[in-house]
J.: 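My questions will all concern the structure given below.
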Amino acid sequence: MKRGQARKETAPEPRLGVFLCECGAEISPRVDLDSLAKTVAGTPGVGHVEILPFSCLTPGLSRIQEAVTQKGLNRIIVAGCESRLLHKKFEQALEILGVEEGQIELVNLRDHVARVHLDDSNALAEKGAKLIRASQAWLQTMKPVAPIRIDFKGPVMVLGGGLAAYSAAKELAEQGVDVVLARQRDLKEEEEREIQVYSGEFHTYDRLRHLMEEVEANPLVQKVKVGELKEASGRFGDYTVTFSAPEGEETQAFEAGAIIAALDWEISHQLPEFGHDGDSIICQVEMNELLRQGKLIQGRVVFWINDLMAGQPFGAQLSLKSAWHMAEYLKEKFPEAQAAILYDSDITMPLGVVDRAQVRRLGITLIPYDGSVRPAVKKDYISFNRASDRVEQDLEWNLLVLSPRRSPGGQALKVAQILGLEVKAEEVLERSPQRVRPDQVVLGEKLMVGSACQPCDLRGALSQGRRVAAKTAVLVQKARAGELFAPRVISLLDPDKCSVCTLCREICDCLAIQPVSGPVAGLGHNVPRMVDPMLCTGEGTCAASCPEMALTLMNCTMAQHEARVTALAQSLAPDEVMGFGCQWSGAAAADQAGLRGFKYSGRFYLLPVRCLGQIDPVVMGRAFLEGANGLLLIGCNPEECHHSYGLDHTWSRVWVLKKLLALCGVERDRIALAHSDITQPDQYVKTVASFLSTMDRLGPIQRDPDTQSKLKALYDAIHTYRVRWVLGVSLRRPWETTYPMHMPNPTAYDQTLTEILTEEFFRAQVANLFRQRGRSLQLPDIAQALSVDEERAYEYLKDMGHEGLISIVFINRNRYYGLPFGIQ
Amino acid sequence: MSAQKRKPMILIDFTIDGQPVQARPGWSILETARAYRIHIPTLCFHPAISPWGGCRLCVVEMRYGKRSKVAVSCLTPPVHELEVLTNSERVMNVRRWVLEMLLAECPASREIKNLAAQYGVTATRFPIKDPHEECLKCGRCVAVCNEVVGVGALTFGSRGVKKQLETPYRVPNNLCVGCGCCVSICPTGALQARLDTVRGDISRRTGHGFAH
């Protein structure tokens, strides 16, 4: 589908510039930069090397800008310090010259090498050279993808029927943005709803009515009457929203650039166990109605705030406040009546000093009761346990007003579900997603507002609507100026490769992967998928899980990862070890260890990544194939991944790698997952030291031809659809209570997984064996070459033949197995 | 090379400690000094954020004609024929005062103690409010969260002697993305120790997954 205009392509040939930073006395003379510069300059592909006193200050930046212009550099490595802190500064300085995010790499020579290792300056220069070489491979493999400009088509659609819609519409109109307000009721009916949904808030009703009148009169807000929401498909900037008609069968479709769903909760009477009878025991909603009608109320009115007992703690303070307003109104209207508020002492009283003075003046009694004892309603008295002294008390009453029952309501739930949220009945729709960028568009939090999402009173709902509208307006104005671009590192789907297995949609936590013709209840099949550029957080676990490898992380591809890992693995000495650290915890803890002056061995080489979740198992396999003797992955704590559980997914991938390594005859301990946190750099240092000692114990991998061919088979096996599919469906998602693939227990799952991996490993070995020998083979040869017993090999080969993966030919009544006929 | 005549580059010639140096418009004295590998100590300055001039440690004496004044080098742009002195008596005096005050402000900080020792300051005459305090209120964390991350999750609360680093309402902030930039930019270990008061418990922010 059309993505909008792209910018001019950058120069096709990568020209690399490397800038070594002295960083005052921090890097040089600890690292011999002259020898490092010489080594780097001697590497093919490097167009410019320079040593700068401080690359990050204005003089240094001007020098880099000059070099970029003079030599036409389009890839930059700055060997300096923290990428997280300084990346933005370098990007801003180089953007105008056409060098963009993704084309600039910061290697943390200061805090990963200079400040933490005690080796001599030459050895550190060598380490720096290896890290720079790895980054070089990364940058040279990168094919810059032009940034996607987001076109904002159509107005902002405000739907859902909630009262927050009005404040949202007003805010958008004030910012000059066209709005379509889709509602099922007309204005009069909407005004009536306020009392049903938000009882007791007399001071806010006028404000709401005033707001509604303003919106009604505003020319920028187009009001349409619609039926129910049927479907919403598309991406941010280009949605198609379909409703059923108010009456009749036809549907109405609208084009919208953004969707704001205002969802209010539904109010119902309290549970029957509390004795509601509509006469003397009523609900707050009915009380509100009585007060509005001005009916005379006499006697003792007791407001019982029973939300905690009814299992709705979020409603407690709201009920208390509205009871307070109603009591106030009552006493002012009918000073003869008596009002008391009976509330659970666990509820924090939301009344301020002025309110309490008012309470005393009006003579309203506030009675906290002990929540562990249920107040009992008798004919003339309510008995309760007084909180202050735990003595049973009696309270006379004539009219008992219970708290209302609040729930999202069927309609709100349906709207949320259509917009892609997983909903459970009765549960509030509030979600608190992980944020990775301040400007991130987050569907649940940003575009669904109202009391069904975050319980609040009327003023709160209006405020939510206004805030969301303000954020949306900013995006719309940017898009109109042609300045709204999707982030540079996001997922991209190749629809030709996608086989619509829906795995990515299950894994993605950002709601960015949507089917093109609308989310379908359950799993939609035969529906092409698309990634919404504005919602994607750029983590990449979707790309690393896709069985068809149809998803790519732009400017951060698997090819780049493989190139980087190969460059480093090939350059490491036998006693050196490599690893990955995520920028949120692993690499961040390494940064912090350097900043705080910890010291540890220089034999560990850390490759920073955005999130461990983007490391495809293919990349892990490639590392071992190209010479790595060990691989340590350091990430966030379990279930605390800043993205969509990438860390937990890595756990499953490491599990598979361990099994495959065992099949190769290589020790399982050589790959390991560890956790760290930026506030514990000492722990990071210990983790690294411990892994190094494990590696010392195991020694380097014996790379005889047999082992090497097995590692090649491992690498090939991870590319197959079957292994990737099995891995993908069993990726750990912490809230799941069933075991993957509907296994009864983890052992059964593990056994099945082992069987599948063994078979796929064999298949890869067989294919490689045929290619290596260049001819067909008989069963005994195959079994001997792969050290497998003939019976099992026979079964495997038979299945392979059935699936067309090999050819089986009879010559003189002997079976010959070979590569399949036709184009390889 | 274009055929048009290029505008002549304006260069500012001045001296730092007697050494002739050249700056371009937009460079501060501090940046020029660093480009020439001349050392001026700093605390609240960091390349990732805009210079603030809060710590007063980067002060230099500037002599122009017969006048002389002491000002912060991170904010002052140089002018022609300015004489900058980085170690004159006035400068060292200011530095020692600043360090002595810092020793009272954050007595528990190893980094401040080391820095002070370099200038011969080992004890302080000022009263120590909190012997375990490491935060020197340099404002780097607030600046990085506002400028680099763009969120503004933490800020200075209260003013005067009660000024401290905190989040709005002193509760962990929903705006915080948990990037740890503030921890990395902090010159001492102060924020590392109290990061959880800003970002809160991360697991509370991973709700159930959205899409299935």
Side-chain angles (χ1 to χ4, degrees), chain A residues 22 24-25 52-54 56-60 62 82 84-89 420-422 430-440 443-444 505-511 513-514 519 523 583-585 588 591-592 595-597 636-637 639-642 644-645 678-681 733-735, chain B residues 22-24 26-28 30-39 42 45-49 110-111 114 140 144-145 147-153 174-189 191-196 199 201-212:
Chain A
E22 288 177 13
L52 295 169
F54 277 94
C56 50
L57 296 181
T58 323
S62 331
E82 268 78 26
R84 282 175 300 125
L85 295 177
L86 283 169
H87 213 107
K88 199 171 179 178
K89 193 169 184 184
L421 218 62
E422 158 103 339
E430 181 176 17
R431 297 287 187 275
S432 306
Q434 285 287 25
R435 312 190 58 163
V436 295
R437 291 190 316 273
D439 56 326
Q440 192 177 320
L443 192 60
R505 183 145 175 267
E506 271 187 55
I507 289 169
C508 172
D509 216 31
C510 349
L511 277 183
I513 301 185
Q514 295 290 347
L523 300 177
Q583 70 172 41
W584 303 92
S585 67
D591 291 345
Q592 192 66 2
L595 286 165
R596 308 288 295 158
C636 303
N637 290 323
E639 299 179 31
E640 287 186 7
C641 178
H642 281 70
S644 313
Y645 298 103
I678 191 179
T679 55
Q680 291 166 325
R733 276 154 287 193
W735 59 86
Chain B
Q22 217 172 50
R24 290 193 208 159
W27 296 12
S28 64
L30 177 65
E31 290 181 318
T32 319
R34 289 198 167 177
Y36 282 87
R37 299 179 176 88
I38 297 169
H39 175 70
T42 57
F45 178 80
H46 192 279
I49 53 181
R110 184 175 30 109
E111 288 83 359
N114 289 342
R140 277 175 162 191
V144 87
C145 198
E147 295 177 26
V148 175
V149 185
V151 185
N174 257 333
L175 291 172
C176 171
V177 300
C179 64
C181 284
C182 53
V183 177
S184 303
I185 209 174
C186 177
T188 68
L191 201 53
Q192 178 186 319
R194 53 176 80 146
L195 181 62
D196 285 323
R199 75 179 169 188
D201 186 15
I202 290 189
S203 56
R204 77 179 163 89
R205 282 201 264 127
T206 43
H208 287 306
F210 274 121
H212 282 275

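Each chain gets a letter, A, B and so on, in the order its sequence line appears, and its residues count up from 1.
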J.: Please flag which part of R110(B) lies under 4.5 Å from any non-hydrogen atom of chain A: side chain, backbone, both or neither.
T.: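 Side chain only.
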J.: Please tell me whether S184(B) and E82(A) have a donor and an acceptor in their side chains that are separated by less than 3.5 angstrom.
T.: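 S184(B) vs E82(A): no donor-acceptor pair found between side chains.
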J.: Check whether any side-chain heavy atom of Q192(B) sits under 4.5 Å from a side-chain heavy atom of L595(A), and report yes or no.
T.: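 No, too far: nothing below the 4.5 Å cut-off.
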J.: If you look at every heavy atom in C181(B) and R84(A), which pair is closest and at what distance?
T.: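 In this case the closest contact between C181(B) and R84(A) is N-NH1, 3.6 Å.
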J.: Quick one: closest heavy-atom pair of P47(B) and L57(A), and the distance?
T.: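 So the minimum-distance heavy-atom pair works out to CB-CD2, 4.0 Å.
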J.: On a heavy-atom basis, which atom in K88(A) and which in V148(B) lie closest, and how many Å separate them?
T.: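 Between these two residues, the closest heavy atoms are NZ-O, 3.1 Å.
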J.: Would you mind checking which part of V183(B) comes under 4.5 Å of any heavy atom in chain A, side chain (CB onward), backbone (N, CA, C, O), both or neither?
T.: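 Contact with chain A is through both the backbone and side chain of V183(B).
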J.: Flag the pair L85(A) / R140(B) as yes when at least one side-chain heavy-atom distance between them is below 4.5 Å, and no otherwise.
T.: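 They are not in side-chain contact.
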J.: Please classify the contact of R34(B) with chain A as side chain, backbone, both or neither, using a heavy-atom distance under 4.5 Å.
T.: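 Contact with chain A is through both the backbone and side chain of R34(B).
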J.: Could you state the interatomic distance from CG (L86(A)) to CD1 (I185(B)), rounded to the nearest 0.5 Å?
T.: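 Going from the CG atom of L86(A) to the CD1 atom of I185(B) covers 8.0 Å.
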J.: Rounded to the nearest 0.5 Å, what separates atom CD in Q583(A) from atom SG in C179(B)?
T.: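 So the gap between those two atoms works out to 8.5 Å.
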J.: Quick check on E147(B) against chain A: is it the side chain, the backbone, both or neither that has a heavy atom closer than 4.5 Å?
T.: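 For E147(B), the contact with chain A is made by the backbone alone.
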J.: Counting only non-hydrogen atoms closer than 4.5 Å, does H39(B) touch chain A with its backbone (N, CA, C, O), its side chain (CB onward), both, or neither?
T.: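 Neither part.
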J.: Looking only at heavy atoms, what is the nearest atom pair of R596(A) and T188(B), with distance?
T.: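 Heavy-atom minimum between the residues: NH1-C, 3.0 Å.
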